[in-house]
Structure formats: C-alpha cells, structure tokens
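Below is one structure, written out as structure tokens; the observations come after it.
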Amino acid sequence: MSTKTFFITGANSGFGFAIARAARNAGHNVIGTVRSEAARTSLLERLPDVHPVLCDVTEFDNIDRIVDQAEADFGPVDVLVNNAGYGHEGVLEESPLSEMRRQFDVNVFGAVAIAKAFLPRFRTRRAGFILNITSMGGLITMPGIAYYCGSKFALQGISEVMRSEMAPFGVHVTTLCPGSFRTDWAGRSMIRTERSIPDYDSLFDPIREARQEKHGAQLGDPEKLAEAVLGLVNSDNPPPQLILGSDALNLVRNRLQSMLQEIEDWEVVTCSTDG
C-alpha cells in the first residue's frame with residue numbers, strides 16, 4: 001500500500017485511536033482531531049508521530065478553516081475517517097429533545113460538515129476515500145437507543161447519496177457498521193437519560209443492566225477493525241457499507257430477512273395503490 005495521509009476525527013479513543021495507531025504503524029501519515037489540550041497531550045504521549053488538531057465537529061463555522069490549515073501543514077488528505085460520535089441511551093418518551101438535538105449535532109451534522117469540507121478537495125483531485133463510521137444501529141434498531149439509531153440511520157442514508165454523487169470523480173465513500181466492540185461507547189462515551197416512567201421498567205431496565213455488565217467484554221476487537229480499515233482503503237472496489245462483527249452480521253441479516261417477508265406479506269396492498 002502506498003503511503004497515505006489520514007484525517008481521523010475523534011482520534012484520542014475508541015475506533016479513532018485504533019485506526020490512527022494502525023495507520024501510523026503501517027507507515028501512513030495521520031492527522032487526528034481532538035477536542036481539548038488535555039486530549040492532544042494524551043494522544044501525543046501514546047502516538048508521538050500523529051499530528052493532533054483541535055476540532056469540535058459541532059463548531060461548524062470553524063471546520064473549513066481547520067481543514068485548510070491541516071492540509072497546509074501536513075499535506076493533502078487521502079482518507080477521511082469520520083469517527084467522532086457518541087451513544088445515547090434512553091427510553092424515547094423519557095428522553096428530552098435537547099438530548100436528541102445534541103446527538104444529531106455530533107453524529108450527523110458534525111460528520112456531514114467534516115465530509116463537506118473535503119468533498120471539493122477530493123472532487124478536484126479526482127481521488128479520495130471517505131469512511132463514515134455508522135453502526136449496526138444504522139441498519140437495525142433496539143429499544144432504548146432511538147436517538148442513536150436515528151442519527152446513524154441518517155448518516156447511513158446521507159453516505160449512500162454521497163457515494164453516488166462522488167463516484168464519477170473517483171472518490172470512494174463507505175460506511176463502517178460495527179457491532180459491539182470493546183470501546184468506551186457503552187462506558188464514558190454514552191449519555192444515559194435518567195429513568196422516570198415505571199411502565200418501562202420491565203422492558204428497559206434489563207437492557208440497560210445487560211449493556212453495562214457487558215461493557216469491556218464485547219466480542220469485537222478494535223485493533224482488528226483497524227486492520228480491516230487499512231485493507232479497505234486499499235481496495236479498488238470498496239462496498240457501500242461494511243458490516244463488522246459477527247453479532248452485527250446476524251442481527252442485520254435477520255432484519256433483512258424479516259423485511260423481505262414483510263414485503264411479501266403485504267405485496268397485494270402495496271400494489272393496490274397503483275392507479
């Protein structure tokens with residue numbers, strides 16, 4: 001693989017850090033965004049060769065300037081990894097809209113703003129690769145993570161359109177759809193709405209408890225995901241989305257089979273509206 005320059009958002013932890021480390025170990029140049037000076041220091045202590053850049057993806061008006069400066073300082077970017085994001089857990093009825101707005105600001109608007117800063121550059125160069133990290137939660141749903149799934153479904157759909165629009169210019173767009181991995185997603189990176197309606201206790205409390213118990217012991221290995229990413233960016237024909245993890249594969253496959261059955265069951269009604 002030829003040497004590439006990666007721009008990775010949220011590079012201080014989770015998938016972002018794993019991909020940054022794997023890319024550096026493979027000899028690539030890495031620009032990693034962080035949100036604070038403390039995070040910058042932490043990243044440099046662990047990966048001294050990475051180029052940390054202060055960037056809050058929700059400060060939309062600053063993003064073009066940050067990307068301009070990053071490319072001026074470290075050269076043209078070949079691969080954008082849109083990793084910055086977090087999880088929200090809470091029963092829909094109990095969760096305030098302000099928490100949904102924040103979830104979408106980071107997971108959707110932030111990711112799209114970063115991508116839009118690179119689209120004209122990649123289009124002009126007739127090259128580039130955008131990896132938007134969504135989730136199996138962008139293809140299936142589970143009780144208690146409505147805002148998170150909504151944000152990932154949105155980014156999934158936007159990414160598919162982005163892929164179609166950028167394909168004529170030689171730019172690849174792929175979404176990564178991970179299952180459960182040993183990151184901080186279910187730990188410090190998750191916002192949890194306080195419980196308030198007893199009617200949901202029997203449905204949701206066991207889900208919350210199970211997620212907390214499994215935190216740190218999930219099946220997925222972030223280092224192996226990073227290895228898969230490095231292989232993906234070297235592909236001449238990458239897929240629209242790449243599911244990562246056998247748990248995600250099983251859940252998505254079951255949902256697609258169920259959806260096909262639903263379509264078949266209601267086909268007569270579906271076609272009855274033709275006029």
Side-chain angles (χ1 to χ4, degrees), residues 1 4 6-35 39-40 42-52 57 79-89 106-107 110-111 114 129-140 142 145 148 151-152 155-156 159 174-191 210-235 238-239 241-252:
M1 185 190 301
K4 300 180 184 296
F6 285 64
F7 187 100
I8 304 171
T9 65
N12 194 46
S13 62
F15 294 142
F17 179 77
I19 295 168
R21 181 167 56 188
R24 281 303 301 142
N25 289 344
H28 300 297
N29 301 315
V30 177
I31 305 166
T33 75
V34 295
R35 294 181 59 203
R40 181 206 292 265
S42 173
L43 181 59
L44 283 175
E45 287 174 348
R46 293 171 292 156
L47 293 176
D49 294 333
V50 165
H51 307 296
V57 299
V79 181
L80 165 62
V81 181
N82 246 328
N83 166 73
Y86 71 97
H88 174 274
E89 181 191 73
V106 176
N107 290 6
I114 292 286
F129 204 134
I130 297 173
L131 290 168
N132 290 328
I133 298 185
T134 60
S135 167
M136 67 178 176
L139 299 170
I140 58 133
M142 298 177 184
I145 51 172
Y148 178 75
S151 72
K152 294 303 186 178
L155 185 56
Q156 189 76 22
S159 298
T174 294
T175 57
L176 301 180
C177 309
S180 298
F181 277 75
R182 294 187 295 277
T183 68
D184 285 328
W185 180 82
R188 67 176 182 85
S189 295
M190 176 169 277
I191 301 298
R211 181 172 289 127
Q212 291 174 327
E213 289 174 0
K214 292 178 182 177
H215 176 55
Q218 295 95 330
L219 183 63
D221 182 343
E223 292 185 3
K224 291 185 177 181
L225 179 143
E227 292 174 7
V229 167
L230 293 188
L232 180 67
V233 300
N234 202 38
S235 170
Q241 61 276 315
L242 179 61
I243 298 169
L244 294 163
S246 59
D247 56 345
L249 176 63
N250 291 333
L251 288 167
V252 172

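Hydrogens, waters and symmetry mates play no part in the numbers below; they use all other heavy atoms, side chains included. Quantities reported herein were computed from a predicted structural model and do not represent experimental measurements.
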Tell me the closest heavy-atom pair linking [X] and [Y], and the distance in Å.
| X | Y | value |
| --- | --- | --- |
| V50 | G32 | CG1-N, 4.1 Å |
| V30 | A23 | CG2-CB, 3.7 Å |
| G10 | T33 | N-OG1, 3.0 Å |

Legend entry - Those residues that, when tested against P52, pass side-chain contact (heavy atoms from CB on, under 4.5 Å) (two or more places apart): R40, L43, L44
Inset, instruction - For R35, enumerate each residue passing the side-chain contact (heavy atoms from CB on, under 4.5 Å) test, keeping only those at least two apart in sequence or located in another chain. - result: D56, R102
Are [X] and [Y] side-chain neighbours, meaning at least one heavy-atom pair lies under 4.5 Å?
| X | Y | result |
| --- | --- | --- |
| I19 | N83 | no |
| T183 | Q218 | no |
| F17 | L47 | yes |
| L155 | N107 | no |
| R211 | I145 | yes |
| L232 | L176 | yes |

Legend entry - Side-chain donor/acceptor of N82 to backbone N/O of A111, under 3.5 Å: yes
Legend entry - N/O donor-acceptor pair under 3.5 Å between T175 side chain and N132 backbone: no
Please report the interatomic distance [atom1]([X]) to [atom2]([Y]), rounded to the nearest 0.5 Å.
| X | Y | atom1 | atom2 | result |
| --- | --- | --- | --- | --- |
| L251 | L139 | CG | CG | 10.5 Å |
| I133 | T9 | CD1 | OG1 | 7.5 Å |
| Q156 | C177 | CD | SG | 4.0 Å |
| T134 | L131 | OG1 | CG | 10.5 Å |
| R24 | R46 | CZ | CZ | 15.0 Å |

Inset, instruction - Report the residues that fulfil ring-ring contact (aromatic ring centres under 6.0 Å, His included) with F129, sequence neighbours left out, ordered by chain and then residue number. - result: H172
Considering only distance and modelled atom types, tabulate donor-acceptor pairs under 3.5 Å from the side chains of residues 219-227, sequence neighbours left out.
| unit_1 | atom_1 | unit_2 | atom_2 | d |
| --- | --- | --- | --- | --- |
| D221 | OD1 | E223 | N | 2.9 |
| E223 | OE2 | R21 | NH2 | 3.1 |

Tell me which donor-acceptor pairs under 3.5 Å the side chains of residues 241-248 have, and how far apart each pair is, sequence neighbours excluded?
| unit_1 | atom_1 | unit_2 | atom_2 | d |
| --- | --- | --- | --- | --- |
| D247 | OD2 | S180 | N | 2.9 |
| D247 | OD2 | S180 | OG | 3.4 |

Inset, instruction - Kindly write out the residues that satisfy side-chain hydrogen bond (donor to acceptor under 3.5 Å, both in side chains) with N250, not counting sequence neighbours, or none if the list is empty. - result: none
Inset, instruction - May I ask you to decide if the ring planes of F6 and H28 are parallel, tilted or perpendicular, using 30° and 60° as cut-offs? - result: tilted
